[in-house]
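Atom set for the values below is all heavy atoms of this structure, side chains included, hydrogens, waters and symmetry mates excluded. Numbering of residues begins at 1 and proceeds along the displayed sequence. All ligand and atom numbering here is 1-based and tracks the order in the structure.
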Amino acid sequence: MALVTGANKGIGREIARQLGGLGMTVLVGARDWGRGEDAARELRDEGTDARFVRLDVTDHGSMAAAARSIDEEFGRLDVLVNNAGIPAGGGWATAPLRATEYTADLVRAVYEVNVLGAVAVTHAMLPLLRRSPSARIVNMSSELGSLAALSDPGAVEELDPSLHIAGSRGLLAYNSSKAALNAIPLMYAGELGDEGILVNAVGPGFTVTDLNDHRGELTAEQAATVQVKAATLADDGPTGRFLSRYGEAPW
Ligand SMILES: NC(=O)c1ccc[n+]([C@@H]2O[C@H](COP(=O)([O-])OP(=O)(O)OC[C@H]3O[C@@H](n4cnc5c(N)ncnc54)[C@H](OP(=O)(O)O)[C@@H]3O)[C@@H](O)[C@H]2O)c1
């Protein structure tokens, strides 16, 4: 079974839907009871074995409770998608577009979810992932976290014209949080490879969701396909890579 954090809407919900379509039991992680239950019910109505798991990636108690309930019901976890993420401040529309306008507090709030949330959930779920014969961990990254893209936007925009890196370079909190998130699979992959656990960062492309006030270009359905591929890699698949719709993204 697969756990997707922030799966009540956007790309996360679509990842859950597509994993469910492959026959997996899907645990719909969401911080809000109502939104989580609604999303899980919607997926069940479509025929997926979906269960809501309350999970706020900034709340250690909720992670411990989620790990306990998954342990009791399933005894293991096959896939973890660290999808939950926030742009900055109150959202994309209010996020400062100039790096120099960011305060440390604004950056910290984004790191709590995008970076520390992924580390905390992975740490809490690792004992369960270790009991799977072929566990996969997917960190939902962004090309905006690519140092290569931030230093040479044109080169990466050529690879995927849906990306608009040049205009988003000032998003200090979001971009640097995704750069940090990118580094993490490299460390995990090195340690977990011998146990058959594959860990990758995956960029979905610029997608129409609430996160960017629906300014993206891809549908959530299109964006989720690359995450789902990374979540269902064969045993000899890549690990410690930065994957994207167009293959490997530059770090
Ligand atoms: N859209 C894009 O173009 C794009 C591009 C690259 C990467 N991404 C990444 O894709 C991921 C999903 O984003 P999206 O575009 O689908 O945005 P979205 O529709 O806004 O979804 C974000 C999800 O994260 C959840 N979340 C936020 N804070 C949380 C917390 N503390 N604990 C648990 N869940 C939390 C939200 O829950 P609530 O509903 O409760 O707020 C929501 O379910 C993010 O990591 C984002 O950075 C998106």
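- Remark: the Asp56 side chain and the Thr58 side chain contain an N/O donor-acceptor pair separated by less than 3.5 Å.
- Applying the ring-ring contact (aromatic ring centres under 6.0 Å, His included) test to Phe242 and every residue at least two apart in sequence or in another chain returns Trp251.
- In the model, Ser141 has a side-chain atom that pairs as donor or acceptor with a side-chain atom of Asn182 under 3.5 Å.
- Between the side chains of Ser176 and Tyr111, at least one donor N or O lies within less than 3.5 Å of an accepting N or O.
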Contacts under 3.5 angstrom, residues 36-43 side chains, donor-acceptor by atom type, not counting sequence neighbours:
{"residue": "Asp38", "atom": "OD1", "partner": "Arg41", "partner atom": "NH1", "Å": "3.1"}
{"residue": "Glu42", "atom": "OE2", "partner": "Arg17", "partner atom": "NH2", "Å": "2.9"}

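- Near ligand 1, residues Gly6, Asn8, Lys9, Gly10, Ile11, Arg31, Arg35, Leu55, Asp56, Val57, Thr58, Asn83, Ala84, Gly85, Ile86, Val113, Met140, Ser141, Ser142, Tyr174, Lys178, Pro204, Gly205, Phe206, Thr207, Thr209, Asp210, Leu211, Asn212 come within 4.0 angstrom through at least one heavy atom.
- By the side chain to side chain contact (heavy atoms under 4.5 Å, CB included) test, Arg130 is found to be paired with Leu126, Leu192, Glu195, Ile197, residues two or more places apart in sequence or in another chain being considered.
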